[in-house]
Amino acid sequence: MNRRGYRIGLASILVLLVTLGGAAAASAAPGDAKLTAPSATPLTGTTATVFGFSVHFIGSATDQATSVNASVPGSLLPLTLASGTVQNGTWKGSRTLSAGTWPVTFRSVSTLGTNPTIAGPTLVVTAPTPTPTPAPTSPPTSTPKPTATPRPTPGPPTPSPAPGRNVTSEPSSTPFGTVTSPSASPTGSQGGSPAAVASARSPTPEVKPPGQPFNVPVEGVAAIGLLGTVAVAAAFRERRRRIAVAAFHEQVAAKEPSRERDEIDDETVATVYYEGLGDPRDDV
C-alpha cells in the first residue's frame with residue numbers, strides 16, 4: 001500500500017469515529033433525563049411543622065440518577081429513593097424550615113451529566129403563636145388580727161329623784177290593820193318620760209316631806225305581829241302553869257292538910273297532869 005492509500009484509509013477511519021462520536025453525543029444530549037411531579041406538603045405551616053418533599057426522576061440505562069436534592073434558599077435537603085430504580089424512581093425527604101416564604105427547586109445529578117432540575121411549589125412558614133404569659137397573681141391578702149373589744153365604762157350612778165315629785169301613801173291591808181306604803185308619781189313636764197320612770201324605779205330611798213304622817217313598812221308590821229303572837233303564846237302558857245300549880249296545891253292540901261305550902265311549891269308541877277282536874281285551857 002502506498003502512502004496515498006494509507007492516508008485515505010486513515011481519513012476514512014477518522015470520519016467513522018467522528019460519526020460514531022456524534023451519534024453518541026446526540027444520544028446523550030440534554031433532555032433525555034428529567035424530573036417530574038415535584039411536590040411539598042403542607043404548603044403552609046410554622047417553624048415547628050415538618051414539611052415533606054417528593055420528586056420523580058426519569059433517565060435511561062446509561063443515564064442514571066446518583067443524587068436528588070430539594071433546594072430551599074439557604075439550605076439543601078438530600079432526598080432518598082423511596083420507590084422505583086435509579087433510572088426511573090421517586091425520591092423523598094422531610095425537614096423543618098425557618099420562618100419566611102420559600103420557593104423550592106429540585107435538582108439531580110446523573111451519570112451522563114445531564115443533571116435535570118425542576119421548580120417546585122412555594123412554601124409559607126410562620127413563627128408559632130407565643131403562649132400567653134399568665135397574669136401575675138396578687139399575693140394573698142393577710143387576714144387582719146382581731147381588735148380587742150374595749151370593756152364598757154361603768155355608767156354614772158342612778159340619779160336621785162328629781163324635785164317636783166309628789167310622794168303619796170297607798171294603803172295596804174294586813175292581818176293587823178291597814179298600812180300605807182309610799183309611792184312616787186311624776187309631776188310636771190317630765191311625767192311619763194324614761195328619766196322619770198328610771199327615777200321612780202331607783203332604789204334610792206325616798207325622803208319623807210315634812211308634814212306627812214310616818215308610814216310603817218309592811219315588813220315591820222309583820223315583825224310586830226309575830227312578836228305579838230309569841231308574847232300571847234307565852235302568856236297563855238304562863239296562865240296554864242299557874243292554873244296547874246293551883247290545882248296541885250288544892251289536891252295536895254286535900255290529901256295532906258298537915259303539909260306546909262312551901263314544901264308543896266318546891267315540887268315540880270309543870271309536866272304533871274292530874275286526873276279529874278281537866279284541861280286548864282277549858283277555864284280560859
Side-chain angles (χ1 to χ4, degrees), residues 1-140:
M1 178 181 295
N2 54 19
R3 183 176 294 180
R4 183 178 178 182
Y6 175 78
R7 290 179 180 177
I8 293 172
L10 182 61
S12 299
I13 293 171
L14 291 174
V15 171
L16 180 61
L17 292 176
V18 170
T19 302
L20 294 175
S27 63
D32 289 348
K34 61 181 179 179
L35 295 175
T36 61
S39 66
T41 55
L43 298 179
T44 60
T46 65
T47 54
T49 304
V50 178
F51 294 90
F53 302 89
S54 177
V55 70
H56 191 81
F57 176 84
I58 299 176
S60 63
T62 58
D63 197 4
Q64 304 172 359
T66 58
S67 64
V68 179
N69 303 310
S71 177
V72 180
S75 63
L76 188 67
L77 172 64
L79 306 180
T80 58
L81 182 63
S83 62
T85 64
V86 293
Q87 292 89 9
N88 188 353
T90 301
W91 299 70
K92 293 183 178 181
S94 61
R95 65 166 299 174
T96 58
L97 299 174
S98 59
T101 301
W102 311 116
V104 182
T105 302
F106 292 94
R107 304 177 185 275
S108 65
V109 177
S110 60
T111 54
L112 294 181
T114 55
N115 303 334
T117 63
I118 190 171
T122 300
L123 305 180
V124 178
V125 184
T126 59
T129 304
T131 303
T133 304
T137 57
S138 57

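Keep in mind that what you see is a predicted model, and the values were worked out from it rather than measured.
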Is any side-chain heavy atom of [Y] closer than 4.5 Å to one of [X]?
X     : Y      : answer
Phe51 : Val104 : no
Phe53 : Leu123 : yes
Ile58 : Thr36  : yes

Which heavy atom of [X] sits nearest a heavy atom of [Y], and at what distance?
X      : Y      : result
Ala70  : Leu79  : N-CG, 4.0 Å
Asp63  : Thr111 : CA-OG1, 3.3 Å
Ser110 : Asn115 : N-OD1, 2.9 Å
Phe57  : Leu35  : CD1-CD2, 3.6 Å

From OG1 (Thr85) to CD (Gln64), nearest 0.5 Å: 8.0 Å

Euclidean distance, Asn88 CG relative to Ser83 OG, rounded to 0.5 Å: 9.0 Å

Evaluation steps, side chain to side chain contact (heavy atoms under 4.5 Å, CB included), between Thr62 and Leu112: CA-CA 7 Å; Thr62 58; Leu112 294 181; 3.4 Å; yes

Partners meeting side-chain hydrogen bond (donor to acceptor under 3.5 Å, both in side chains) with Asn69 (sequence neighbours left out): none

What pairs of donor and acceptor atoms, side-chain ones from residues 38-50 against any protein atom, are under 3.5 angstrom apart with sequence neighbours left out?
unit_1: Thr46; atom_1: OG1; unit_2: Ala48; atom_2: N; d: 3.3
unit_1: Thr46; atom_1: OG1; unit_2: Thr49; atom_2: OG1; d: 3.4
unit_1: Thr49; atom_1: OG1; unit_2: Thr46; atom_2: N; d: 3.0
unit_1: Thr49; atom_1: OG1; unit_2: Thr46; atom_2: O; d: 3.4

For residues 90-100, run the donor-acceptor check on the side chains, cut-off 3.5 Å, and write out each pair with its distance to 0.1 Å, sequence neighbours left out.
unit_1: Thr90; atom_1: OG1; unit_2: His56; atom_2: ND1; d: 2.9
unit_1: Arg95; atom_1: NH1; unit_2: Ser75; atom_2: OG; d: 3.3

